[in-house]
Amino acid sequence: MNLKSKVKHGLKWTFVDQILSQIIFLVFGIFLARILTPSMFGIVGMITIFSNFAILFVDLGFSAALIQKKEVTPAHFSSVFWFNLSIGLLMYFLFYISAPFISKFYNQPELIKLIRVICLSFIITSFSSVQANILIKELQFKKKVIINWVAMLNGYLVAFIMAYRGYGVWSLVMMTLCTSFINTVLYWIISRWIPLFIFEWKKIKELSNYGLNFLGDTSVNYWSRNFDNFIIAKVLGSTDLGIYSRAYSLMLLPLKNITTIVTKVMFPAFSQKQDDIQLLKKYYLNIIQYIALITFPLMIGLSLVSKEFVLLFFGNKWSAMIPILSILSGLGAIQSIVSLNGLIYNSLGKVNIAFKVSIFSNIVLIIAFTIGVNYGIIGVSYSYLIASALLFIPIYKMAIKQLNVTLNEVFLALKGVIVATLTMAIGIFLFNSFSNLSLLIGFIVKIAIGFIIYFSVLVFLEKELLINLRKKLNF
């Protein structure tokens, strides 16, 4: 199978993965939210702010370097594996002894035991990071997708059973460990790669320039995406964090289930063709069309039906999430495109530029969050939206410049989707202004109206794009 066929096959499976992952996330996430309280989600969120950051250090970006580097040997893979395992053990030890300090920082005594258990995922994850990236490098996304489904579904099942039996916050902790463990076991079985007892520091050094720059970029980006959670947890407490983080996770759906997965598919493909900028430009403009086709109406639509969505599926105890979800969903539409910046920088080996850009943008976001938290979680949400709007043009323009793409070319590629989305939004807004239906009926009617308007305008403006999409998804 040639590269084009592998990419096409990988994209098909990522689309299927996106659909099923959203279903699993929404169904089980809603069930858990109805059983557990916002405070319980917030307590776990306090831990994951630090633990998810620490996971970035498990391989110091070397796994990504293995994908980007054209010529790698078995010694490269084995050296990275043993290095990752050592870092995983070290990170767990650091968090084990730091647990009392983190607990005292948040003034939450119960965090000590929770941290020492949930951070076992560092060690578990370090056992499979190389195997996971081998599948990505070889573009075997069907296998990776199936592993993800099995692990995620079992993790949610464990969490649901434990939550139903009254284990509270521990159900969320065990969900994390169960998902990590099943992922690791399946990666070992399916990748069929076993590390050799080889460790060459020279191989690590070969990957270090790219890997450490990659780590720097992802680390800075991580804190820009999580400083809002950090400051909410410290200033406003676990309940507000639970509400905000739940809304934020819904906003991240298109990023996790579309943009991130497409990035994983295209990263090895772009890396292999990194010298052909004209070809990458063509691919990039096609990719953003297909992403926007799904994410723009999905996120703008969610923003417009946030009240019905929250009250129907999460219940009245989550009502404070309504305005947060409405604000963040609109932001999610733009983020689904901007998040591809990493694909451009990483595949071209320009992670040093990405790192510098990240530092600048994240300073702006941190200042915005620090100001916004004084006005509660709504203030944080608005500060995120305003700062992102101000940063969009300079940050996005810098990234697409690497592919010789202009803002005008991006607009021309997306104009049909943008017009269809805006027309849909106007239609739903007008209906909402003159209707007085029950929550359920209003929710169904709004979705129906939005779909009909969006699809009708899209057929008129972008018929060829829809035909091409149907051909690409023709299994």
Side-chain angles (χ1 to χ4, degrees), residues 36 39-64 80-132 151 155 158-159 162 167-185 187 204 211-212 214-235 237-238 241-242 244-245 248-249 362 366:
L36 305 176
S39 179
M40 291 177 182
F41 282 93
I43 288 172
V44 173
M46 289 176 172
I47 303 171
T48 56
I49 289 170
F50 292 102
S51 63
N52 286 345
F53 177 65
I55 286 176
L56 298 178
F57 285 82
V58 168
D59 70 357
L60 298 179
F62 292 146
S63 292
V80 170
F81 175 85
W82 296 115
F83 186 83
N84 288 354
L85 183 57
S86 300
I87 297 297
L89 290 166
L90 175 62
M91 294 305 298
Y92 178 73
F93 173 73
L94 291 175
F95 268 76
Y96 187 92
I97 61 176
S98 300
F101 301 102
I102 297 174
S103 174
K104 185 177 181 180
F105 177 79
Y106 285 125
N107 195 27
Q108 297 279 355
E110 67 270 34
L111 286 181
I112 297 176
K113 288 183 179 179
L114 294 170
I115 290 170
R116 288 174 172 173
V117 174
I118 200 170
C119 288
L120 286 168
S121 60
F122 299 163
I123 302 172
I124 298 171
T125 301
S126 67
F127 269 101
S128 62
S129 61
V130 171
Q131 286 87 339
V158 168
M162 291 185 67
Y167 285 93
V169 69
W170 283 101
S171 60
L172 298 175
V173 172
M174 295 311 297
M175 177 178 73
T176 300
L177 291 181
C178 180
T179 303
S180 297
F181 179 75
I182 294 174
N183 260 320
T184 294
V185 172
Y187 276 130
I204 297 296
L212 293 176
F214 180 87
L215 175 66
D217 178 46
T218 53
S219 297
V220 174
N221 269 312
Y222 177 86
W223 280 111
S224 75
R225 292 188 180 279
N226 287 275
F227 187 78
D228 47 354
N229 292 317
F230 171 77
I231 199 166
I232 288 171
K234 178 61 178 173
V235 178
S238 61
L241 176 60
Y244 180 86
S245 62
Y248 190 85
S249 67
N362 292 324
I366 288 171

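If you read the sequence from its start, that first residue is 1, and numbering goes on from there.
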Nearest non-hydrogen partners of Leu177 and Ser121, listed with the distance: CD2-N, 3.7 Å

Residue list, side chain to side chain donor-acceptor pair (under 3.5 Å) with Ser128, at least two apart or on another chain: Thr184

Heavy-atom pair of closest approach, residues Ala159 and Met175: CB-CB, 3.6 Å

Ser126 side chain vs Ile123 backbone, donor-acceptor pair below 3.5 Å: yes

Test log, rule side chain to side chain contact (heavy atoms under 4.5 Å, CB included), inputs Tyr106 and Ile49: CA-CA 12 Å; Tyr106 285 125; Ile49 289 170; 3.8 Å; yes

Ser39: side-chain contact (heavy atoms from CB on, under 4.5 Å) partners, not counting sequence neighbours: Thr37, Ile43, Ser238, Thr239

Any donor-acceptor pair under 3.5 Å from Ser245 side chain to Leu241 backbone: yes

Distance, nearest 0.5 Å, that separates CD1 of Ile115 from CD1 of Ile102: 4.0 Å

Within 6.0 Å of CZ in Phe181, more than 12 heavy atoms from elsewhere: no

Give the table of side-chain donor-acceptor pairs shorter than 3.5 Å for residues 89-97, with sequence neighbours excluded, one pair per line with atom names and distance.
unit_1, atom_1, unit_2, atom_2, d
Tyr92, OH, Arg116, O, 2.7

Heavy-atom side-chain contact between Val169 and Val44 under 4.5 Å: yes

From Lys113 atom NZ to Ile118 atom CD1, the distance as rounded to the nearest 0.5 Å: 16.0 Å

Partners meeting side-chain contact (heavy atoms from CB on, under 4.5 Å) with Ser51 (sequence neighbours left out): Ile47, Thr48, Cys119, Phe122

Residues forming a ring-ring contact (aromatic ring centres under 6.0 Å, His included) with Tyr187, sequence neighbours excluded: none

Considering all heavy atoms, the nearest Met46-Leu111 contact: SD-CD1, 4.3 Å

Spacing of CG belonging to Leu85 relative to OG1 belonging to Thr125, to within rounding of 0.5 Å: 11.5 Å

Point-to-point distance, once rounded to the nearest 0.5 Å, from OG1 of Thr176 to CG of Leu120: 11.5 Å

Distance-only donor-acceptor check, side chains Asp228 and Tyr244, under 3.5 Å: yes

For Met162, all residues meeting side-chain contact (heavy atoms from CB on, under 4.5 Å), sequence neighbours excluded: Val158, Tyr167, Trp170, Ser171, Met174

